[in-house]
Amino acid sequence: MTPMTRKATRHISQNEGLIFEKSSPGKAAFKLAPLDVPEVDTAKLLGSSERKDLGNMPEVSEIEIIRHFTRLSTWNYAIDLGMYPLGSCTMKYNPRVNEAVTRLPGLANGHPYQPEKISQGALRIIKTLSECLTEITGMDAITLQPAAGAHGELTGLLLVRGYLQSKGNPRKKILIPDSAHGTNPATAATVGYAVENLKSNSAGMVDIPSLAAQMNEDVAALMLTNPNTLGVFEQEIHKIAELMHAKGGLLYMDGANMNALVGKARPGDFGVDVMHLNLHKTFSTPHGGGGPGSGPVAVKKFLEPFLPKPVIVTKADGTLGFDYNRPLSVGRVRAFYGNFGMFTRALAYILANGPDGLRQTTEDAVLNANYIRKALEGVYDLPYSTPSMHEVVFSDKLQAKQGVKTGDIAKRLIDYGFHPYTVSFPLIVHGALMIEPTESESKEELDLFIEAMRSIAQEVQEEPQTVLEAPHNTRVSRLDEVAAARKPVLRWKPAAQ
Amino acid sequence: MTPMTRKATRHISQNEGLIFEKSSPGKAAFKLAPLDVPEVDTAKLLGSSERKDLGNMPEVSEIEIIRHFTRLSTWNYAIDLGMYPLGSCTMKYNPRVNEAVTRLPGLANGHPYQPEKISQGALRIIKTLSECLTEITGMDAITLQPAAGAHGELTGLLLVRGYLQSKGNPRKKILIPDSAHGTNPATAATVGYAVENLKSNSAGMVDIPSLAAQMNEDVAALMLTNPNTLGVFEQEIHKIAELMHAKGGLLYMDGANMNALVGKARPGDFGVDVMHLNLHKTFSTPHGGGGPGSGPVAVKKFLEPFLPKPVIVTKADGTLGFDYNRPLSVGRVRAFYGNFGMFTRALAYILANGPDGLRQTTEDAVLNANYIRKALEGVYDLPYSTPSMHEVVFSDKLQAKQGVKTGDIAKRLIDYGFHPYTVSFPLIVHGALMIEPTESESKEELDLFIEAMRSIAQEVQEEPQTVLEAPHNTRVSRLDEVAAARKPVLRWKPAAQ
Amino acid sequence: MRYLPKSPADREAMLKAIGARSINDLFAPIPDQYRLRHDLKVPRQMAESEIMDWFDQCSHENGDEYSIFLGAGTYYHYRPVIIDSLISRGEFLTAYTPYQPEVSQGTLQSIFEFQTMICELTGMEVANASMYDGSTASTEAVLMAVRLTGRRSVTVARSIHPEYREVLETYALNQGIPLTTVSFGENGRISLKDLEKSFTPDTGCVLVQSPNFFGTIEDVAAIADIAHKHGALLVVAISEAVSLGIVEPPRQADIIAMEAQSFGVPLGFGGPYCGLIATREQNVRQMPGRLVGQTVDRKGKRGFVLTLATREQHIRREKATSNICTNQALVALMANIFMTVYGKVGLKELAKQNLAKTAYAASKFGKHAKVLFPNAPRFNEFVVQTKEDPYVINNRLLGHKIVGGFPLKKFLPELGNAALWCCTEMTGRTAIDTAAGVLAESEATEPVREAAEVAQ
Amino acid sequence: MRYLPKSPADREAMLKAIGARSINDLFAPIPDQYRLRHDLKVPRQMAESEIMDWFDQCSHENGDEYSIFLGAGTYYHYRPVIIDSLISRGEFLTAYTPYQPEVSQGTLQSIFEFQTMICELTGMEVANASMYDGSTASTEAVLMAVRLTGRRSVTVARSIHPEYREVLETYALNQGIPLTTVSFGENGRISLKDLEKSFTPDTGCVLVQSPNFFGTIEDVAAIADIAHKHGALLVVAISEAVSLGIVEPPRQADIIAMEAQSFGVPLGFGGPYCGLIATREQNVRQMPGRLVGQTVDRKGKRGFVLTLATREQHIRREKATSNICTNQALVALMANIFMTVYGKVGLKELAKQNLAKTAYAASKFGKHAKVLFPNAPRFNEFVVQTKEDPYVINNRLLGHKIVGGFPLKKFLPELGNAALWCCTEMTGRTAIDTAAGVLAESEATEPVREAAEVAQ
Ligand SMILES: Cc1ncc(COP(=O)(O)O)c(C=O)c1O
Ligand SMILES: Cc1ncc(COP(=O)(O)O)c(C=O)c1O
């Protein structure tokens, strides 16, 4: 077997058109129960608001739907199929028990407005998860309302703003390192702050002198990812916090990379004032092709009064309930209480791990990243030699000489049976290959990955064209993204139209 | 697009070793709850019966198991992926609601020996399904105990034997048409009967004169499949029944092909005394890679006393229960009450259809078979011109001239994205291609199948080697079945051993 | 730990390959004083069976045996079994955002179909791949309108979901966007007169909801006329997606912000749900959220990709149309499958049943209490005003295993003892009759009032 | 009908292509008088929601809230969640028997692994892909032994599962195979003395079960010695597969017939379960059921196929080793996944917990009633003899939401008021204590007897 065929082979795969292309009048996949109340005259009830026609909505049978989506699904790569080393995404195993508990009838069918006395189960889940997450982060209080990481950032900056406002001045700027994820500056803008970039030093960390120079009374907060997007722990975190606090600013931590820290270090212990978590990364809730996620925001005591409402409380009679009477609250960032279905999953994950499992998980994640780093160092350029935590970032510098870019290597990995790593991020590394294996990869899978990456590096030298034209083993070859954006076709239309 | 790429394309597919090859001491996918009773000294309790070692049982983690079986699964063809036209197998859509009802906790966790008063739910399911199936077959009574079709045959012949025995003579022989499925003769032997073959006539039906000649007081029963395995309805069924009954023999019907009859004709109306059904064919329970099935046996009134025990009864207080006091019963053919989980599925299917749906289903099944027949007649040899019901049998006569056999054409169909039809059965057709589309195929899928079959016929003429070496698009090429049987390797062994 | 695919020997070998003596070497970059020396105080590692038991207990203590008459932004509809069968396939469940189209065509094509169906149902030209939920989608739609018009004031109907309003307030406050609220009239619809008065030259858009929070269908055409006359855009929120089966969509809107939860998504105690935004083609470059577009591969084969990414945060950073990154993809897939199951005919039939159940319940309840807003069409919700506090009535209903309507005083004190009731195809006639009976008892002490006392 | 993928226009076009005027033309081969003119009298077509409700009702009326102490051939063990996640994949669920290996490698490889693990656990050299259940597997194993030895008599232990015995009787009767039953001694094991006496020169095999129906572990080595001495084969049935985690397998047997239900298969009111047969290599050609073997493809790549098919009905017809065709493949896959999850260490731990729970319960119960068969090791079942009729005790237990032990008088009247109790890892200490309490009450009227009264 060659390295290329060791992990994957080609096999027959079903084609499938758009569902509209299968539609034909009179086919149906639905059947309603007979109506147990009198029929109504819709025209009379609705008048001119009555809808007559549903246009091109499909008409198909159940078997066709099963086949349609089953076939479609087989065109996807997924964690369940193999290593998915997207840096910054923490593509770890999504345990099936998480799914099972979430579908228990009382939880799946619980209405958010049902009386609290018949909602004690859901409330206990919220409470228990909140306690676990504050313990894990070393913070004092938390809100689970935000629906994703970016939404958590927004909530976090609202808290910063609310707090500073309460002190008389919301300030104007947010400092953001140049290695930060795009949501950080986008969020700052959404909350009405100006963004000021902070340069990284040669070790890939916050440049302390620059920070000292840029920090002043206009700066509301620094948004720091730690470990940062290079997978590097900000070793001078304490100084950073001190610098911020000294000038009355806050330290916000983007917790996307908590998979490097859980059970080993706590942001609350190293000076962070407010941070968000991504339950869809660190806490194993599935990505589902892009979402849903959940982005709880944990805070120090002084920010608690500003948390979005409602907050969960234990009432005098010992039962749990929501407190809406929060005069200092920054308000509400989402209807109801957040992506509850992600809470059940994340909590199931925490319970399955316990303190020892959580720690071991973190250790394995860091072990895996360093194992890859060691094996590929030299084969790929390592722009920062600073020690890596849970992910490692290479650059395509050595390959670019042959005209091969990180994106090409990524596509070639597909032929070898892997999902690509994260391409071209973080921005401070030109031609970045950002690799996060997570703890879910076995040594066997890592060795295959390393072998594939080494083999590709060799191909780049010997037959660069093969890499440039990759992937070769997929049902579609490289797609024309430029054409897609130039003349966007964003929906199907019937031929006649 | 060529016909060959219209239905399917090649795509990347994950390799996967044997689970034992992934095992390593210390990995684990299990975790037990803490014991809430005192630990025990196993040596003391078990003495020399204590087992010390579990040999080469694997040690792997949960993610590895998920990936292992997910990867393996992607190597299978399945109804959910496309047409599966195995003749005699009735590979129809397996509705997902069937699975959902079967997993309801009271049904999934019901113990067969729990008291009847807390088993009324399960008993109602057995009762309702029994009633539906007797109505559908036009018979008078039924047992759901047999675990599959062959097991139903066995039960049916036991009934025949029990009945004849009660009349004084169990008789010696079972008549079986040469077109019959292998389980028929095998079953007759298991029940201690000699098998006598019955020739088919030129129309592919039972040859009445032969039957008249062979029928005598030594013959216990005729096992007839109707429609038979050529997909042909035995038009002289009434005469057949008369001939059997006149000499005191019984008419057994193999109901494997009931998908051609449900809602359109009832065996009980045309003289059948005893028959089995395959819930895993006609009634949509999944085949699951070979089973489980369920083979209920329906009988005329006079055979009811002989049914296996227990039988379900309505008790004086209106509740349901089991009656074990059946002095004439042939005994028991399986522990407990049969494959109950298949009953729930079959009943869910019947309820989803209702009388109109069942009839339409049968009509569509017959329509589909005839549509294929019409489109491929001439392209492939049709050995019997008798009208087809739910399946059609061609032969490879035209292709055999080029040295291409039905098995080769079958393999080539795989490249086109289809599962092969049934190969080399029934035995009365030399080089048979036995095609049963079922009602679950859309016109679109049938047209693709027809196109593929026509295209292969053309390939046979133009490039027979391509067909002879097929499949080309699968992750493994043709497997050496001869070597497998010559030196059987029936289990994995560690390299060292 | 059973999820971790490593044996002690594997870890040993890997550390050796790295050249580390122990795993703690790899954590050396974390300053010593911050390294955790003790176990986290979280519950001990549990067996799967224990986890199931724990949550099962929670499920039982979460009202798993009640008939509910609650809607108010999230609706109890039947979820065809195949939704979970299909979304549970690992290939959908455990895939990331489809940034690598060659191995993500399944997700991409399904989103493309989702976008198409949403366009068909809403009458819009483009729809995005999803937003967090209806509340954030509505807020983002308003921000989008503000960007499109360059105007910075917003008019909001008081009859939209109160929590949508709260979310909008949170965002608007920090962007310095003034909000003007317009109340509803006796028919439960936005007061057109007050609406007319609310405009200033800086009004960028009007946000209404239809069916609105009371289940009342707004006169969108009239509202659109007024908004457009003032050079403002009309944003319409839809929180009950099933209404689109029988209620004319707000085609006159410029932007539609929708909550698609009704399309096969479990109530799930409030989420995850599926927001989305749809609009006209001309507005697409100010649209937030992911979009899938059709294209071809190198051999000319049709395929799908994420497109127009220059709107998004990972390309445009602080200049992006939104900070959204992770969306609600898997929930959108649920909605997609639901729409496909019901389709052109089924969605209409389904919506009709909702209409019929609601009409029946409203007429039953109307015999004993006052049903507000009678003079405008409604979909599957209605407001009932009682003499008795609805919290008290609801407490009584719980004894009958019924969860009564949503007391409105929490958000709309001007409506006094009014409660918002909802019926869907899942509401049995028996439950309606029982609830009506309980209502009758509690209202029996005094004759039912006839006159309207709608608060303004 | 919602499962049918055809529109009226499709049907029209197809009939036209065929040249038929109406669908009934295609049914012309059925003689007119047999064509059904009316609707079948089955319930009307139901909505999926109605079907779910109907079965939900059945589930609620099927004891869904009880702690059970029943074993007796089928055991309540925890089923890891991933079993259903994996077997629900359409590629496993909706595939046929893997006759076409190039598109069935998933099923084939998994069966090969199943065969291997069964060999490891049983100590046999080959195992088949499955049989219907333990009862039919035992019967077929006996028939196999008869074929192998050419002798036609069989000795059966009375301590095997009584329903297994009934099934064997049914088959044996019609094949003219005489059965001799050998009873159990005071320790619950087969009486070796009586066994010795049971042999005739025509005795082909002895069938015992271990752990036997009472949960007692037989002295298989001793039984094997006796059988072999007489030139007969030993067939051992195993109905509690989890016992293999801690109980030495019957390596001295010639054939093992097993029920693998305990390996992750739901109780399911009696089925589907997973029988199987394992034996020595030399016996394989008389083995019934499917076998998967390893081979290579044309390029030398490892692959798996169904093999040794010349034993089977589709090749050998009336000369086949069995009439079995459809087996229990998907259930075997459940067992396969279960064995993989627990593995080498977990199966032992699991079995140990069963042992501990049972020892605890037996000692608790033993304080109030007589626990029979104390002088031989047992696994997770034990027999308790009470003064009061166990049916009466069980009725009382139902009030505590407990399903008590299986009253043995139904099958073994000689044991009087004895009942067979079972504890697994699922049995909570509280349930044991409660049951013991109820037992104590009913036995309190008289002091607990000490003497054994084991019936012979
Ligand atoms: C470092 C970092 N911050 C923030 C985010 C945004 O999180 P989300 O996608 O959940 O909104 C991501 C997501 O990829 C990230 O990697
Ligand atoms: C005609 C016929 N009879 C009997 C059988 C045997 O049924 P089973 O496989 O369920 O034992 C089959 C199965 O394929 C069949 O096609």
Do A:N56 and C:K344 pair up side chain to side chain, a donor and an acceptor below 3.5 Å, judged on atom types alone? no
Sub-3.5 Å donor-acceptor pair from the side chain of C:T295 to the main-chain atoms of A:D480, do we have one? yes
Across all chains, not counting sequence neighbours, the side chain to side chain contact (heavy atoms under 4.5 Å, CB included) partners of A:N94 are A:I79, A:P286, C:T94
With rounding to the nearest 0.5 Å, note down the distance linking CD1 in A:I19 to CE in C:M117. 7.0 Å
What part of C:T326 is in contact with chain A, defined as an atom under 4.5 angstrom from a non-hydrogen atom: side chain, backbone, both or neither? both
Bottom line for C:V341: the part with an atom under 4.5 Å from chain A's heavy atoms is both
Looking only at atom types and distance, does a side-chain atom of A:S477 sit under 3.5 Å from a main-chain N or O of C:R298, one as donor and one as acceptor? yes
State whether the side chain of A:R332 and the backbone N or O of C:V167 hold a donor-acceptor pair below 3.5 Å, judged by distance alone. no
Sort C:D56 into side chain, backbone, both or neither according to what part of it lies under 4.5 angstrom from a heavy atom of chain A. both
For C:L308 and A:A485, which heavy atoms make the closest approach, and how far apart are they? CD2-O, 3.7 Å
With a 4.5 angstrom heavy-atom cut-off, could you sort out which part of C:V403 is near chain A: side chain, backbone, both or neither? side chain
Among the listed options A:A147, A:G149, A:S119, the residue most often paired with chain C at heavy-atom distances under 4.5 Å: A:S119
What residue in A:Y93, A:Y77, A:F340 has the most heavy-atom pairs under 4.5 Å with chain C? A:F340
Geometric class of the A:Y84/C:Y96 ring pair [parallel <30°, tilted 30-60°, perpendicular >60°]: perpendicular
Give, for atom CH2 of A:W75 and atom OG of C:S110, the distance between the pair rounded to the nearest 0.5 Å. 10.5 Å
Select one option (side chain, backbone, both, neither) describing which atoms of C:T307 are under 4.5 Å from chain A's heavy atoms. side chain
Assess the residue pair C:R11 and A:E363 against the criterion (side-chain contact (heavy atoms from CB on, under 4.5 Å)); give the C-alpha distance rounded to whole Å, side-chain angles, the decisive distance to 0.1 Å, and a yes or no. CA-CA 10 Å; C:R11 292 191 180 100; A:E363 289 176 354; over 6 Å; no
Crowded around C:Y76 OH? As in, over 12 foreign heavy atoms under 6.0 Å? no
Cut-off 3.5 Å, side chains only: do C:Q100 and A:K411 have a donor facing an acceptor? yes
Based on non-hydrogen pairs under 4.5 Å, which of A:V40, A:D80, A:L479 is most in contact with chain C? A:L479
Measure distances from C:F92 to the heavy atoms of chain A and classify the residue's part below 4.5 Å as side chain, backbone, both or neither. both
Do A:R124 side-chain atoms and C:E61 backbone N/O form a donor-acceptor pair below 3.5 Å? no
In terms of side-chain heavy atoms, does C:Q105 have a donor or acceptor partner in A:N76 at a distance below 3.5 Å? no
Check: C:D297 side chain, A:R478 main-chain N or O, donor-acceptor pair, under 3.5 Å: no
dist A:D356:CG -> C:Q45:CD (nearest 0.5 Å) comes out at 4.5 Å
Is any side-chain heavy atom of C:K357 less than 4.5 Å from a side-chain heavy atom of A:L35? yes
Would you find a donor on one side and an acceptor on the other, under 3.5 Å apart, between the side chain of A:H111 and the backbone of C:T74? yes
Does this structure show an ion pair linking C:E120 with A:R491, if we count only N-O contacts that are shorter than 4.0 Å? yes
With a 4.5 angstrom heavy-atom cut-off, is it the side chain or the backbone of C:L15 that approaches chain A, or both, or neither? both
Chain A contact via C:K6 - side chain, backbone, both or neither, heavy atoms under 4.5 Å: side chain
Where on C:S130 is there a heavy atom nearer than 4.5 Å to chain A: the side chain, the backbone, both, or neither? neither
A:E469, CD atom: more than 12 neighbouring heavy atoms under 6.0 Å: yes
Between C:Y34 and A:H238, do the side chains contain an N or O donor and an N or O acceptor separated by less than 3.5 Å? yes
Count the heavy-atom pairs under 4.5 Å between each of A:A410, A:G192, A:S294, A:G55 and chain C, then report the option with the highest count. A:G55
Any heavy-atom pair between the side chains of C:F55 and A:L107 that's under 4.5 Å? yes
Closest contact, heavy atoms only, A:A348 versus C:I51: O-CD1, 3.7 Å
To the nearest 0.5 Å, atom CG of C:N174 lies from atom CG of A:L158 at 5.0 Å
Kindly state whether the ring of C:Y99 and the ring of A:H419 have centres lying under 6.0 angstrom apart. no
Got C:P101 and A:E481 here, is their nearest side-chain heavy-atom distance under 4.5 Å? yes
Per-residue contact mode, C:K319 against chain A (heavy atom under 4.5 angstrom): neither
C:E166, part contacting chain A, at a heavy-atom distance under 4.5 Å: both
Could you walk me through whether A:L367 and C:L26 satisfy the side-chain contact (heavy atoms from CB on, under 4.5 Å) test, starting with their C-alpha distance in whole Å, then the side-chain angles of each, then the deciding distance to 0.1 Å, before giving a yes or no? CA-CA 7 Å; A:L367 179 65; C:L26 301 181; 4.1 Å; yes
Under 4.5 Å from a heavy atom of chain A, the part of C:L350 involved: both
Sub-3.5 Å donor-acceptor pair from the side chain of A:Q114 to the main-chain atoms of C:N62, do we have one? yes
Which one, A:K117, A:E99, A:Q235, A:R475, leads in non-hydrogen pairs under 4.5 Å with chain C? A:Q235
Looking only at A:T344, A:I237, A:I350, A:L358, most heavy-atom pairs under 4.5 Å shared with chain C are made by A:T344
Which heavy atom of A:G289 sits nearest a heavy atom of C:A329, and at what distance? O-CB, 3.3 Å
Any chance you could lay out the side-chain contact (heavy atoms from CB on, under 4.5 Å) test for A:M389 and C:I30, step after step, and finish with the verdict? CA-CA 9 Å; A:M389 299 292 295; C:I30 304 179; 3.8 Å; yes
Closest heavy-atom contact between A:R103 and C:S88? NH2-OG, 3.8 Å
C:N395 versus chain A, the contacting section by heavy-atom distance below 4.5 Å: side chain
Is there a ring pair (Phe, Tyr, Trp, His ring centres under 6.0 Å) between C:H161 and A:F336? Walk through the geometry before answering. CA-CA 11 Å; C:H161 193 297; A:F336 312 119; 5.8 Å; yes
Side chain / backbone / both / neither for C:I315 at chain A, heavy atoms under 4.5 Å: neither
Would you say the side-chain atoms of C:R89 and A:S73 include a donor-acceptor pair closer than 3.5 Å? yes
Where do A:E62 and C:I82 land on the side-chain contact (heavy atoms from CB on, under 4.5 Å) test, with the steps shown first? CA-CA 8 Å; A:E62 189 170 306; C:I82 64 169; 3.7 Å; yes
Where is the tightest heavy-atom contact between A:L54 and C:G245, given as atom of each residue plus distance? CD2-O, 4.0 Å
Is the A:H151 to C:Y132 ring centre distance short of 6.0 Å? yes
NZ/NE/NH1/NH2 to OD/OE distance under 4.0 Å, C:D39 and A:R359: yes
How close do A:T190 and C:N323 get, heavy atom to heavy atom, and via which atoms? OG1-CB, 4.1 Å
